[in-house]
Amino acid sequence: MRPEYPSLTLLGSTGSIGAQALELAAEKNIKINGLCARSSVDIVERQARRFMPKYCVMTDAASARDLKTRLSDTPIKVMSGED
């Protein structure tokens, strides 16, 4: 049986607490399954390329479209909305 590794979906990944949580996750080998932010596309793109989550969600639809284009060379699924 394969050992289970901790994973995390982070809401508000671009703020100071979110950034600190990502650094701690990197130190502790915690897999990032998802990132969520409002509209900071540059920051989320960097985070996504570093942590390779399954999902990125931007609550702002235009930002989600931009991020989807930027991450089109990755398997990351980009979504938008608050739900």
Side-chain angles (χ1 to χ4, degrees):
M1 186 151 101
R2 207 174 110 196
E4 292 296 319
Y5 294 98
S7 64
L8 180 68
T9 298
L10 190 58
L11 307 178
S13 68
T14 61
S16 62
I17 294 172
Q20 290 174 14
L22 287 172
E23 289 307 314
L24 183 60
E27 287 176 20
K28 302 292 183 185
N29 290 327
I30 298 172
K31 169 87 174 114
I32 303 299
N33 283 327
L35 297 171
C36 181
R38 171 175 251 154
S39 60
S40 299
V41 177
D42 291 336
I43 297 171
V44 175
E45 180 186 10
R46 283 193 303 273
Q47 292 173 341
R49 291 188 181 280
R50 179 177 178 193
F51 292 97
M52 293 303 292
K54 290 182 182 180
Y55 308 100
C56 285
V57 179
M58 304 297 288
T59 58
D60 177 70
S63 297
R65 285 190 298 274
D66 185 12
L67 184 64
K68 187 173 186 172
T69 299
R70 292 182 188 204
L71 295 177
S72 64
D73 63 324
T74 74
I76 300 169
K77 183 175 181 179
V78 177
M79 299 176 285
S80 67
E82 293 185 12
D83 293 337

Please find the pair of heavy atoms, one from V78 and one from A64, that lie closest to each other, and give the distance. CG1-O, 3.5 Å

Would you name the heavy atoms of A48 and P53 that are closest together and state the gap between them? O-CD, 3.5 Å

Minimal heavy-atom distance between T69 and S72, with the atoms involved, is O-OG, 3.0 Å

Cluster overlap M79 with L11, hydrophobic side-chain contacts below 4.5 Å: no

Grab the two heavy atoms, one from K31 and one from F51, that are nearest each other, plus how far apart they are. NZ-O, 4.1 Å

Decide side chain to side chain contact (heavy atoms under 4.5 Å, CB included) for R49 and L71; before the verdict, give the C-alpha distance in whole Å, the side-chain angles of both, and the deciding distance to 0.1 Å. CA-CA 8 Å; R49 291 188 181 280; L71 295 177; 4.0 Å; yes

Flag the pair E45 / C56 as yes when at least one side-chain heavy-atom distance between them is below 4.5 Å, and no otherwise. no

Tell me whether Q47 contacts the main-chain N or O of S13 through its side chain, where contact means a donor paired with an acceptor under 3.5 Å. yes

Worked verdict on L35 versus I76 for side chain to side chain contact (heavy atoms under 4.5 Å, CB included): CA-CA 10 Å; L35 297 171; I76 300 169; over 6 Å; no

Common cluster, M52/M58, ILVMFWY with side-chain heavy-atom separation under 4.5 Å: yes

ILVMFWY network linking I43 to V41, side-chain heavy atoms under 4.5 angstrom: no

In this structure, which one of L24, L22, I32 forms a side chain to side chain contact (heavy atoms under 4.5 Å, CB included) with L8? I32

Shortest non-hydrogen contact between G18 and L10, atoms and distance: O-CD2, 3.3 Å

One should read off an interatomic distance between D60 CG and L67 CG, to the nearest 0.5 angstrom, of 11.0 Å

Taking every heavy atom of R50 against every heavy atom of A26, the minimum-distance pair comes out as NH2-CB, 3.6 Å

